[in-house]
Amino acid sequence: MRRMSKPVNPDSEARRPAPDARKERWRKHRQARRAEFVDAAIRALGKHGPDVGMDDIAAEAGVTKPVLYRHFTDKADLYLAVGHRGTELLFQRLVPALNTETAPRPRIKQSLTAFFSVIDEFPNVYRFITGRHLPAESDVVHEDKEMIAAALATLLGDYMRAFNMDSGGAEPWAHGIVGLVQNTADWWLDRQSMSREAVVDYLTQIIWAAIDGILRDAGATVDPDAPFELPGEAHLHAVPEPAETERETTRSSGGASA
C-alpha cells in the first residue's frame, strides 16, 4: 500500500528559519562568546600577570577548559585573540588623539597620554603582548608599530613638504619615534620611578625638540602651540576586527554548544 505523505502547512514553513539565518545567529553567538572569553582573559591577566594559564582564564570566565576549547582551536588561538583585543584597547584611545587636528605640541602630548594611559591601566596585557607570549606566526606588536609608524611618516612628510623640505627622512624618523616611545614605556613600566604625567611631558619635550630642530635647520619656525592644518592630512584608522580563521569556521560547522 502506498504511504501518503503528510500535508505541508504553509504557515509553519513560513515560520521556519532559513538555514542561512540559523548559521548567521550561530556565528554571532560564537563571536559573542569568544569576546566574553577574551575579556575574561584580560581580567585574568590583571590578576595573575603575563604568565597567566588556561586554568586561570577558565576560572575567571566561570567555565571549564573544554568549554574554552570549543570556541578556540588551541591556547595559541586564544592568546592571539587577546593580542588583537590589546590592539583594540590601544587604538580606541590612540586613533582619536593622533587624528585631532590641533597644534603640534598638544597633539604630541595627547597622543602620548593616550598610549601611556592604556599601558598604565592594562600593564599586564602590554607585558603579555610584548613578552613573546603570542604565537610566533603572528607578530601583533610589529603590525601595530608598522601601522602607527606609517601614519606618522605620512604626517611628517606632509609637514616637511609644506615647508619645501626633503621628506626622505620622514619614514626613519617615524620609526625612530615609535621605537623611542615603546622603549620608554618598557622602562617606565619596569621602574615606575616617575609619574605617568612626567614621562609624557619628557617625551613630548624631546619629540618636539627634534622636530623643531629639523625645521630650524631648514630655516622654518613653527609655533608649537598654534594650530597648523594641512590639506589632505594623513589619519590613522581604527583596527578592523580580525577575520575568523579557516579552522574556526570549520569548527563552527560542527555545531559545538556554548
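S117 and R93 form a side-chain donor-acceptor contact under 3.5 Å, judged by distance and modelled atom types alone. Counting only N and O atoms by type, the side chains of R161 and S167 include a donor and acceptor under 3.5 Å apart.
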Margin query: Assess the residue pair L80 and F72 against the criterion (side-chain contact (heavy atoms from CB on, under 4.5 Å)); give the C-alpha distance rounded to whole Å, side-chain angles, the decisive distance to 0.1 Å, and a yes or no.
Written below: CA-CA 10 Å; L80 182 58; F72 298 92; over 6 Å; no

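Taking 4.5 Å as the limit, some side-chain heavy atom of F91 sits within range of a side-chain heavy atom of I148.
Atom CG of L180 has more than 12 neighbouring heavy atoms from other residues, nucleotides or ligands inside a 6.0 Å radius. Annotation for Q182: atom CD counts as buried by contact number, over 12 foreign heavy atoms lying within 6.0 Å.
Take Q92 and apply the side-chain hydrogen bond (donor to acceptor under 3.5 Å, both in side chains) test, not counting sequence neighbours, and it matches no residue. S195 pairs by the side-chain hydrogen bond (donor to acceptor under 3.5 Å, both in side chains) definition with nothing, not counting sequence neighbours. Partners of E36 by side-chain hydrogen bond (donor to acceptor under 3.5 Å, both in side chains), not counting sequence neighbours, listed by chain and number: R33. Partners of D186 according to the salt bridge (Lys or Arg N to Asp or Glu O under 4.0 Å) rule, which considers only residues two or more places apart in sequence or in another chain, do not exist here. Looking at residues two or more places apart in sequence or on another chain, you find no side-chain hydrogen bond (donor to acceptor under 3.5 Å, both in side chains) involving N164.
For the pair R127 (side chain) and G49 (backbone), a donor-acceptor distance under 3.5 Å is absent.
Here the options are I119, D120, L89, the test is side chain to side chain contact (heavy atoms under 4.5 Å, CB included), and the partner is Y126; only I119 passes.
The list of side chain to side chain donor-acceptor pair (under 3.5 Å) pairs with a residue in residues 41-54, not counting sequence neighbours, reads R43-E60, K47-E60, D51-H133.
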